[in-house]
Amino acid sequence: MARSSSRKQSPQPLSQLRIIGGQWRGRKLQFAPVEGLRPTGDRLRETLFNWLQFYLPNAQCLDLFAGSGALGFEALSRGAASVDFVELNPLAARTLKQQLQLLETTDGQVHNCRAADFLGSGNKPYDIVFIDPPFADNLWQESLGALIGRLSQGALIYIETPRDTVLSTAANWSLLKEKRAGQVCMRLYRNDSAEPTDR
């Protein structure tokens with residue numbers, strides 16, 4: 001049914017996600033109802049963090065298209081030293097900051113900007129990077145190219161794509177894990193560069 005254009009629509013309520021492991025296990029967090037935002041589901045998150053369990057303690061992490069923050073919050077809950085949340089949408093970025101305040105942690109920082117701009121504006125190396133952009137925007141290859149120089153030696157890169165997406169990765173990346181679930185493909189790569197990129 002069409003709505004009258006003169007009638008002011010009330011803002012949509014925030015949605016919820018649940019942290020599934022670590023110190024905040026069971027905590028429910030809110031995220032903004034932004035178009036294209038698609039939090040990684042519980043089952044996929046459980047698989048991913050089983051893959052990462054031995055690498056997370058004290059890791060410097062980057063949640064590149066943070067959205068709901070599901071991956072970054074899960075990483076912090078399970079022992080990551082820090083997470084940089086990069087999110088372009090102002091409402092989503094503001095909600096991420098609010099959730100960090102509710103969790104009473106200073107280990108997460110929110111950056112309201114484009115992923116490529118963030119990667120090009122610093123030199124901090126990361127141990128674990130999460131790349132899960134809105135599927136409709138086709139931002140994977142742009143992001144992978146911009147990651148050069150921002151990975152520590154042996155860094156892990158998680159990429160979530162539609163099921164049949166073909167990726168072109170750096171020659172020194174090795175594919176450690178790959179799983180397809182429904183219409184989603186999960187991949188975990190390792191940066192096998194001979195020298196760390198710390199500057």
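Just so you know, these numbers use all the heavy atoms, side chains as well, and skip hydrogens, waters and symmetry mates.
Between the Ser77 side chain and the Phe73 main chain, no donor and acceptor come within less than 3.5 Å of each other. With Ser121 contributing its side chain and Asp117 its backbone, the two residues share a donor-acceptor pair below 3.5 Å. Judged purely by atom type and a 3.5 angstrom limit, Asn50 uses its side chain to pair as donor or acceptor with the backbone of Glu46.
Smallest separation of non-hydrogen atoms from Pro133 and Glu160: CD-O, 4.4 Å. Between Trp51 and Glu178 the shortest heavy-atom distance is CH2-N, 4.2 Å. Shown here for Thr165 and Arg187, the closest heavy-atom pair between the two residues is O-NH2, 2.7 Å. Considering every non-hydrogen atom in both Arg163 and Ala181, the closest pair reads NH1-N, 4.4 Å. In plain terms, the two heavy atoms of Gly108 and Phe85 that are nearest each other are CA-CE1, 4.0 Å. Residues Ala66 and Leu96 approach most closely at CB-CD1, 3.7 Å, considering heavy atoms.
Partners of Tyr189 by side chain to side chain donor-acceptor pair (under 3.5 Å), not counting sequence neighbours: none found.
The CZ atom of Arg78 sits 12.0 Å away from atom SG of Cys61, with the distance rounded to the nearest 0.5 Å. Going from atom OG1 of Thr105 over to atom CG of Asp107 covers 3.5 Å, rounded to the nearest 0.5 Å. To the nearest 0.5 angstrom, Ser143 atom OG is 9.0 Å from Ile159 atom CD1. Atoms OH and CG, from Tyr158 and Leu188 in turn, are 9.0 Å apart once rounded to the nearest 0.5 Å. Distance CG/Leu48 to CG/Asp132: 10.0 Å, rounded to 0.5 Å. In this structure, CZ on Arg94 lies 12.5 Å from CD on Gln99, to the nearest 0.5 angstrom.
Figure legend: Arg150 and Phe118 shown as a cation-pi pair, the cationic atom lying under 6.0 angstrom from the six-membered ring centre and within 45 degrees of its axis.
For the residue pair Asp192/Ser174, the side-chain donor-acceptor check at 3.5 Å is satisfied.
Looking only at side-chain heavy atoms (C-beta outward), Leu156 and Leu52 come within less than 4.5 Å of each other. Side-chain contact check for Val184 versus Thr161: every heavy-atom pair is 4.5 Å or farther apart. Looking only at side-chain heavy atoms (C-beta outward), Val83 and Tyr126 stay at 4.5 Å or farther from each other. Ile128 is not listed as a side-chain neighbour of Ile157, based on a closest heavy-atom distance of 4.5 Å or more.
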What side-chain donor-acceptor pairs closer than 3.5 Å can you find for residues 18-31, not counting sequence neighbours?
from  : atom 1 : to    : atom 2 : distance (Å)
Arg18 : NH2    : Asp42 : OD2    : 3.0

Test side-chain contact (heavy atoms from CB on, under 4.5 Å) applied to Lys124 and Ser82, step by step: CA-CA 12 Å; Lys124 175 183 177 179; Ser82 71; 3.6 Å; yes
Asn191 and Gln153: CA distance, side-chain angles, deciding distance, side-chain contact (heavy atoms from CB on, under 4.5 Å) verdict: CA-CA 6 Å; Asn191 174 40; Gln153 184 179 20; 5.5 Å; no
Test side-chain contact (heavy atoms from CB on, under 4.5 Å) applied to Asp127 and Leu62, step by step: CA-CA 8 Å; Asp127 303 312; Leu62 173 61; over 6 Å; no
Steps toward side-chain contact (heavy atoms from CB on, under 4.5 Å) verdict (Asp63, Asp84): CA-CA 6 Å; Asp63 193 351; Asp84 282 310; over 6 Å; no
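The same ILVMFWY cluster, assembled from side-chain heavy atoms under 4.5 Å apart, contains both Phe65 and Leu167. The hydrophobic clustering, which links ILVMFWY residues whose side-chain heavy atoms are closer than 4.5 Å, places Phe130 and Leu88 apart. By the criterion of side-chain heavy atoms lying less than 4.5 angstrom apart, applied directly or through intervening Ile, Leu, Val, Met, Phe, Trp or Tyr residues, Leu44 is grouped together with Leu176 in one hydrophobic cluster. Both Leu175 and Leu144 are members of a single hydrophobic cluster when ILVMFWY side chains are connected at heavy-atom separations under 4.5 Å.
Arg180 CZ: more than 12 foreign heavy atoms inside a 6.0 Å radius.
Salt-bridge check for Glu142 with Arg114: passed, with a basic side-chain N closer than 4.0 Å to an acidic carboxylate O.
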